[in-house]
**Q** 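This is the structure I want to talk about, given as structure tokens.
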Amino acid sequence: LVFGMLYPAYYSYKAVKTKNVKEYVRWMMYWIVFALYTVTETITDLTVSWFPLYYELKIAFVIWLLSPYTRGASLIYRKFLHPLLSSKEREIDEYIVQAKERGYETMVNFGRQGLNLAATAAVTAAVKSQGAITEKLRSFSMHDLTTIQGDEPVGQRPYQTLPEAKKKTRASASESSGYKSPLEKNAGDDK
């Protein structure tokens, strides 16, 4: 990344800043060759990466491409790429135009299909959920709905009386503790 991208990117920036046409051409040739190298590298990494010193050879090749002494990118561009691209330029341009048209049509078709799917799913979900809610509500009678406890606000809940057994247990507990209510009478108080 340092040799193949950062260093050339910085010197491309300098060429743009100084508006030096000779440097423009040099770095444009490098980037064209490097793009081709990146495509080939993706394929060779899958097939030949087991080869001894493979990664070291890749680094040496990138340094050879950008070196001002060897001018490897200029050599590859002038000897191989420029003649190849010049002979196939019309075919490549036609293919790109066709790909753009097909790409636009494909995206429009995918968009339509996606919207149709989303609309169908939304309608289906709405119909199913409405039917489920309706069936649930039909299973309740009005009496069932008014007797559901816990739905009314806290301040409006009716007072619940204690059953008789709980009242007796509380009374016996207060007698055993020795505390009496002032209103309670003992049997001996009448005497």
**Q** Assess the residue pair Ser74 and Tyr30 against the criterion (side chain to side chain donor-acceptor pair (under 3.5 Å)); give the C-alpha distance rounded to whole Å, side-chain angles, the decisive distance to 0.1 Å, and a yes or no.
**A** CA-CA 7 Å; Ser74 297; Tyr30 171 79; over 6 Å; no
**Q** Going from CD1 on Ile76 to CD1 on Ile32, what distance comes out if it is rounded to the nearest 0.5 angstrom?
**A**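 It comes to 12.5 Å.
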**Q** Can you measure from CZ (Arg71) to CZ (Arg78) and round to the nearest 0.5 angstrom?
**A** 8.5 Å
**Q** Can you confirm whether more than 12 heavy atoms, excluding those of Tyr55, are under 6.0 Å from its OH atom?
**A** yes
**Q** Is any side-chain heavy atom of Leu85 closer than 4.5 Å to one of Ile92?
**A**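 Of all side-chain heavy-atom pairs linking Leu85 with Ile92, at least one is under 4.5 Å.
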**Q** With the side chain counted from C-beta on, respond yes when Phe51 and Leu57 share a heavy-atom pair under 4.5 Å apart, and no when they do not.
**A**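 They are in contact (side-chain heavy atoms under 4.5 Å apart), so the answer is yes.
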**Q** Going from OG1 on Thr47 to OH on Tyr54, what distance comes out if it is rounded to the nearest 0.5 angstrom?
**A** 7.0 Å
**Q** Is any side-chain heavy atom of His82 less than 4.5 Å from a side-chain heavy atom of Met29?
**A**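 Sidechains of Met29 and His82: no contact.
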**Q** Kindly work out whether a path of hydrophobic side-chain contacts (I/L/V/M/F/W/Y, heavy atoms less than 4.5 Å apart) joins Leu75 to Val25.
**A**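 Linked, Leu75 and Val25 end up in one cluster.
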**Q** Drop me the distance from Ile59's CD1 to Leu53's CG, to the nearest 0.5 angstrom.
**A**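 Reported to 0.5 Å precision, the distance equals 11.0 Å.
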**Q** As an exercise, state the distance from CD of Glu101 to OH of Tyr104, rounded to the nearest 0.5 Å.
**A**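 Reported to 0.5 Å precision, the distance equals 11.5 Å.
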**Q** Where is the tightest heavy-atom contact between Thr38 and Thr42, given as atom of each residue plus distance?
**A**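 Distance-wise, the nearest heavy atoms are O-OG1, 2.9 Å.
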**Q** How long is the straight-line distance from CZ of Phe34 back to CD of Glu41, given to the nearest 0.5 Å?
**A**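 If I round to the nearest 0.5 Å, the distance is 7.0 Å.
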**Q** Should Pro68 and Arg26 count as side-chain neighbours, where that means a heavy-atom distance under 4.5 Å?
**A**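 A side-chain contact under 4.5 Å exists here.
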**Q** Would the distance check show the side chain of Ser49 and the main-chain N or O of Leu46 forming a donor-acceptor pair, the cut-off being under 3.5 Å?
**A** no
**Q** I'd like to know if the side chain of Ser12 reaches the main chain of Trp27, judged simply by a donor and an acceptor atom lying under 3.5 Å from each other, with no hydrogens or angles considered.
**A** no
**Q** Are the aromatic ring centres of Phe61 and Tyr37 under 6.0 angstrom apart?
**A**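 Ring-ring flag for Phe61/Tyr37: true, centres closer than 6.0 Å.
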**Q** Are Trp64 and Met5 co-members of a hydrophobic cluster defined by side-chain heavy atoms under 4.5 Å apart?
**A** yes
**Q** Is the Tyr13 ring parallel, tilted or perpendicular to the Tyr10 ring (thresholds 30°, 60°)?
**A**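 If you compare the ring of Tyr13 with that of Tyr10, the planes turn out tilted.
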**Q** Testing the basics here: between Leu84 and Ser87, what is the closest heavy-atom pair and its distance to 0.1 Å?
**A**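 The pair with the smallest heavy-atom distance is O-OG, 2.9 Å.
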**Q** Do Asp45 and Lys58 have side chains that get closer than 4.5 Å, going by heavy atoms?
**A**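 Side chain of Asp45 against side chain of Lys58, heavy atoms only: contact under 4.5 Å found.
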**Q** Would you say Trp31 ends up clustered with Tyr7 if hydrophobic residues are merged whenever their side chains have heavy atoms under 4.5 Å apart, either directly or through other cluster members?
**A** yes
**Q** Looking at every non-hydrogen atom in both residues, tell me the closest pair between Ala73 and Val33 and how far apart they are.
**A** O-CG2, 3.5 Å
